[in-house]
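Only one structure is covered here, and it is reproduced in the block below.
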Amino acid sequence: DTEVTQTPKHLVMGMTNKKSLKCEQHMGHRAMYWYKQKAKKPPELMFVYSYEKLSINESVPSRFSPECPNSSLLNLHLHALQPEDSALYLCASSQVYRDRGSGELFFGEGSRLTVL
Amino acid sequence: AQTVTQSQPEMSVQEAETVTLSCTYDTSESDYYLFWYKQPPSRQMILVIRQEAYKQQNATENRFSVNFQKAAKSFSLKISDSQLGDAAMYFCAYRRIIQGAQKLVFGQGTRLTINP
């Protein structure tokens, strides 16, 4: 199984709503990632979890709250978002490396978020 | 800080022909990985090919090959015998390892169109 599964595929929410994006992988990877991608732009790293602990936060606003309940699951909780937060949110997973390692990131198909 | 530059926002090629996508990067590190990812309309980022900097031999994966020029910090992707399924956004990426996790620095992308 080499899949990263993201739900929902599409989400529309108001600025006062609370919603969550979910990501699941069963490849035994212990690093999981959230990326944000605006239209016609490259993905931008938001958060990284290594061994279920937050290891990288790229100065993301607190209205985005990540959670890694176990080694297979990654959530992104959304609250009080702004219309400019509308984007494709990609989840990815990989092995954890100390120095090097040729392994790739495995990406999901993303959740398309629209904030009204 | 590492930067990745893709100078061709769009490229097109006739089916069965060969096309080369350009990528340059800037780094002070001596050992690193470079990747090409493709993102078709399905939105999922898919690894095309990877290159480790200390290996002088250019990586090849079936119809895909790279021309890696370390001194010039250039990493171009050649697609031979282009197929309709190759149509996608192609991102060049530089990889850093931070706290065991991979941080990809992406270029701006090149949109490849295949003309039948």
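Just so we're on the same page: letters track the sequence lines, and every chain starts at 1.
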Practice task
Counting only heavy atoms closer than 4.5 Å, note whether A:S55 contacts chain B via side chain, backbone, both or neither.
Solution key: both
Handout entry: A:K38 NZ: over 12 foreign heavy atoms closer than 6.0 Å
Key = yes
Handout entry: Segment of A:Y35 engaging chain B (4.5 angstrom heavy-atom cut-off)
Key = side chain
Problem - Verdict with reasoning, A:K40 to B:M89, per side chain to side chain contact (heavy atoms under 4.5 Å, CB included) - result: CA-CA 9 Å; A:K40 298 184 181 181; B:M89 194 75 167; 5.6 Å; no
Problem - B:Q44 side chain to A:F107 backbone, donor-acceptor under 3.5 Å - result: yes
Exercise for the section: Please check if atom CG in B:N62 has more than 12 non-hydrogen atoms from other residues, nucleotides or ligands closer than 6.0 Å. Expected result: no
Handout entry: Partner of A:E104 under side-chain contact (heavy atoms from CB on, under 4.5 Å), chosen from B:L47, B:V48, B:I46
Key = B:L47
Handout entry: B:K73 atom NZ, over 12 foreign heavy atoms within 6.0 Å
Key = yes
Problem - Region of A:K9 in contact with chain B, defined by heavy-atom distances below 4.5 Å - result: both
Problem - Exam field: side chain A:Y33 to backbone B:Q102, donor-acceptor pair closer than 3.5 Å - result: yes
Practice task
Return yes when atom CD of A:E44 has more than 12 non-hydrogen atoms of other residues, nucleotides or ligands closer than 6.0 Å, and no otherwise.
Solution key: no
Practice task
Give, as side chain, backbone, both or neither, the part of B:L104 having an atom under 4.5 angstrom from any heavy atom of chain A.
Solution key: both
Practice task
May I ask you to check whether over 12 heavy atoms, not counting those of B:E29, lie within 6.0 Å of atom CD?
Solution key: yes
Fill in the blank from the handout: Minimal heavy-atom distance between A:P42 and B:G107, with the atoms involved, is CB-O, 3.2 Å
Practice task
Please examine the side chains of A:L105 and B:Y37, heavy atoms only from C-beta on, and report whether any two atoms are closer than 4.5 Å.
Solution key: yes
Completion exercise
side chain to side chain contact (heavy atoms under 4.5 Å, CB included) filter on A:Q37, not counting sequence neighbours, yields A:P43, A:L88, A:L90, B:Q39, B:F91
Problem - Per-residue contact mode, A:E58 against chain B (heavy atom under 4.5 angstrom) - result: side chain
Exercise for the section: Verify the neighbour count for atom CD of A:Q82: are there more than 12 heavy atoms of other residues, nucleotides or ligands below 6.0 Å? Expected result: yes
Problem - Option in A:M32, A:E109, A:Q6 with maximal non-hydrogen atom pairs under 4.5 Å from chain B - result: A:E109
Exercise for the section: Please say whether more than 12 non-hydrogen atoms of neighbouring residues, nucleotides or ligands are located less than 6.0 Å from NZ in B:K70. Expected result: yes
